[in-house]
*Asks:* 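Here's a structure for you.
This structure is a prediction, so every number in the text was calculated from the model and none was measured.
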Amino acid sequence: MARRISAPYQSEPVSSLASWARNLAVFAVVAVAVSIIVVRFGFLEPKPALVTFFGGLAIAALSILFGLAGFAAIWQNGSRGMARILLAFLIDGMILAYPAYLGLQYRKLPAIHDVTTDPIDPPRFDALARLRAGEGANTAVYAGLYSAEQQRHFYPDIEPIELEIPVDRAYAIALQLVNKRKWLVIDERAPQPPRRIGRIEAVARTPIMGLREDISIRVVPDGDDSRVDIRSASRYFDSDLGSNAARVKKFIDDLNTAADADALKPVKKTPVTPPKAPAKTVKK
């Protein structure tokens with residue numbers, strides 16, 4: 001009968017700390033994924049769902065502590081489980097990297113959630129006002145003087161958009177950019193006489209959690225030219241981590257580029273049809 005030979009390392013027990021580190025990391029992934037799904041598909045209000053999200057982050061941090069303790073135990077007694085610890089560290093790093101970046105942004109950026117090109121007379125939320133009336137949601141009223149001062153200090157380049165094109169073309173280009181970004185349009189009103197003010201209200205979503213941020217765009221005539229103002233405000237929480245300012249600045253750049261390209265287009269001349277000669281009357 002052949003004798004079974006096993007390597008010495010295979011007889012060493014697996015570190016329980018390593019197993020705990022791996023299991024906690026897997027549980028953290030499940031908690032974070034569930035919270036993101038709940039928020040994106042609107043099963044619960046964002047604030048309760050984010051409690052689960054931050055709970056998942058805390059579990060990931062606990063997994064790292066167990067992994068470090070397991071590493072020390074393996075170093076001392078030679079038990080197995082290093083692969084489980086490395087897997088746990090990989091999972092925890094993937095979970096915590098982006099929130100850690102957002103934490104740094106929170107410390108650097110102002111705690112505001114409402115950004116506009118016109119703090120004196122910001123575009124209103126009319127159709128969106130009812131969507132911001134839920135429990136825990138920010139009001140539809142502009143955030144006020146403090147927000148305006150913080151915006152001017154941190155984002156001085158956010159200013160009204162002056163375009164050298166007629167108001168109808170400015171509105172059409174703005175609406176085209178909104179649709180290109182796949183923002184959910186709630187209301188759109190093209191410029192009409194006598195005031196010829198155009199308005200667009202839409203909803204954007206943040207990339208990961210899918211949190212809703214509301215947008216109002218106002219297009220008004222300025223002689224033969226036009227002026228466009230935009231307002232972007234988070235529906236929940238007091239700090240947007242710079243997302244609204246980034247959205248507004250990108251929209252300003254794209255609108256200016258599109259308007260310049262539109263102004264350079266040659267004007268199509270309508271061919272003039274020569275008037276028909278009157279029919280000759282034949283006298284009999």
Side-chain angles (χ1 to χ4, degrees), residues 113-134 137-143 147-148 151 155 157-206 210-235 240 243-272:
H113 65 274
D114 201 340
V115 174
T116 179
T117 55
D118 186 0
I120 304 301
D121 182 22
R124 299 190 309 270
F125 291 141
D126 291 332
L128 287 167
R130 58 184 176 82
L131 300 178
R132 299 174 68 90
N138 294 322
T139 177
V141 179
Y142 177 60
S147 181
Q151 175 188 312
Y155 313 115
D157 52 343
I158 293 181
E159 297 177 339
I161 313 163
E162 305 287 348
L163 303 177
E164 296 180 351
I165 56 176
V167 65
D168 297 314
R169 287 299 307 147
Y171 174 84
I173 294 172
L175 183 59
Q176 184 180 16
L177 290 176
V178 168
N179 291 327
K180 183 179 179 180
R181 285 162 167 72
K182 300 188 183 305
W183 295 344
L184 177 62
V185 177
I186 304 299
D187 187 30
E188 55 177 285
R189 285 166 281 174
Q192 298 290 341
R195 299 183 64 189
R196 300 182 66 213
I197 298 177
R199 298 185 185 276
I200 305 170
E201 294 185 63
V203 179
R205 306 286 293 273
T206 58
L211 296 172
R212 291 163 178 80
E213 296 184 328
D214 298 321
I215 301 156
S216 180
I217 299 171
R218 180 181 62 212
V219 187
V220 298
D222 184 13
D224 293 333
D225 301 330
S226 57
R227 165 175 164 162
V228 180
D229 286 292
I230 177 173
R231 176 186 174 192
S232 181
S234 302
R235 195 176 298 179
D240 61 8
S243 64
N244 287 299
R247 178 180 298 108
V248 169
K249 287 192 286 187
K250 186 67 168 62
F251 186 86
I252 291 174
D253 292 341
D254 290 350
L255 183 58
N256 279 319
T257 301
D260 290 343
D262 186 82
L264 293 175
K265 289 181 179 179
V267 179
K268 294 182 178 180
K269 295 183 179 181
T270 305
V272 179

*Asks:* Using every non-hydrogen atom in the two residues, find where V228 and A170 come nearest and quote the distance to one decimal.
*Replies:* CG2-CB, 4.4 Å
*Asks:* Just jot down the side chain to side chain contact (heavy atoms under 4.5 Å, CB included) partners of T206, sequence neighbours excluded, or say none.
*Replies:* M209, L211, E213
*Asks:* Hey, mind stepping through L163 and N256 against side-chain contact (heavy atoms from CB on, under 4.5 Å) and telling me if it holds?
*Replies:* CA-CA 7 Å; L163 303 177; N256 279 319; 3.5 Å; yes
*Asks:* Sequence neighbours left out, what passes side chain to side chain contact (heavy atoms under 4.5 Å, CB included) with A233? Give chain and number order.
*Replies:* D114, F125, R132
*Asks:* According to the salt bridge (Lys or Arg N to Asp or Glu O under 4.0 Å) rule, which pairs have a member within residues 183-192, sequence neighbours left out?
*Replies:* D126-R189, D187-R189, R189-E201
*Asks:* In Å and rounded to the nearest 0.5 Å, what is the CG to CZ distance from D262 to R169?
*Replies:* 4.0 Å
*Asks:* Got a sec: does the CD of E164 have more than 12 other heavy atoms crowding it under 6.0 Å?
*Replies:* no
*Asks:* Have a look at L255 and tell me which of I217, D260, I230, L177 forms a side chain to side chain contact (heavy atoms under 4.5 Å, CB included) with it.
*Replies:* L177
*Asks:* Identify, with sequence neighbours excluded, every residue that meets side-chain hydrogen bond (donor to acceptor under 3.5 Å, both in side chains) alongside D168.
*Replies:* R196
*Asks:* So, using side chain to side chain contact (heavy atoms under 4.5 Å, CB included) as the criterion, who are the partners of I197 when residues are at least two apart?
*Replies:* R195, R199, R218, V220
*Asks:* First locate atom CG of L175, then atom CD1 of I173, and finally report the distance between them rounded to the nearest 0.5 Å.
*Replies:* 11.0 Å
*Asks:* Which residues pass the side-chain hydrogen bond (donor to acceptor under 3.5 Å, both in side chains) test with N244, sequence neighbours left out?
*Replies:* S232, S234, D240, R247
*Asks:* Give a yes or no answer on whether the side chain of D222 reaches the backbone of D225 with a donor-acceptor pair at less than 3.5 Å.
*Replies:* no
*Asks:* With rounding to the nearest 0.5 Å, note down the distance linking OG1 in T257 to CD1 in I252.
*Replies:* 11.5 Å
*Asks:* Apply the test side-chain contact (heavy atoms from CB on, under 4.5 Å) to residues L131 and R235: give CA-CA distance (whole Å), side-chain angles for both, the deciding distance (0.1 Å), then the verdict.
*Replies:* CA-CA 9 Å; L131 300 178; R235 195 176 298 179; 3.9 Å; yes
*Asks:* Is it true that a side-chain atom of R231 and a backbone atom of T116 form a donor plus acceptor pair closer than 3.5 Å?
*Replies:* no
*Asks:* Restricting to side chain to side chain contact (heavy atoms under 4.5 Å, CB included), what partner residues turn up for D157, sequence neighbours left out?
*Replies:* Y155, K249
*Asks:* Does anything in residues 170-186 pair up under side-chain hydrogen bond (donor to acceptor under 3.5 Å, both in side chains), and if so which pairs, sequence neighbours excluded?
*Replies:* R181-D254
*Asks:* Looking only at heavy atoms, which two atoms of I158 and Q151 are closest? And how far apart?
*Replies:* CG2-NE2, 3.8 Å
*Asks:* Could you give the distance from CG (L184) to CZ (R212), rounded to the nearest 0.5 Å?
*Replies:* 9.0 Å
*Asks:* So, the side chain of S226 versus the backbone of I165: is there a donor-acceptor pair under 3.5 Å, distance only?
*Replies:* yes
*Asks:* How long is the span from the CD1 atom in I161 to the CZ atom in R227, to the nearest 0.5 Å?
*Replies:* 9.5 Å
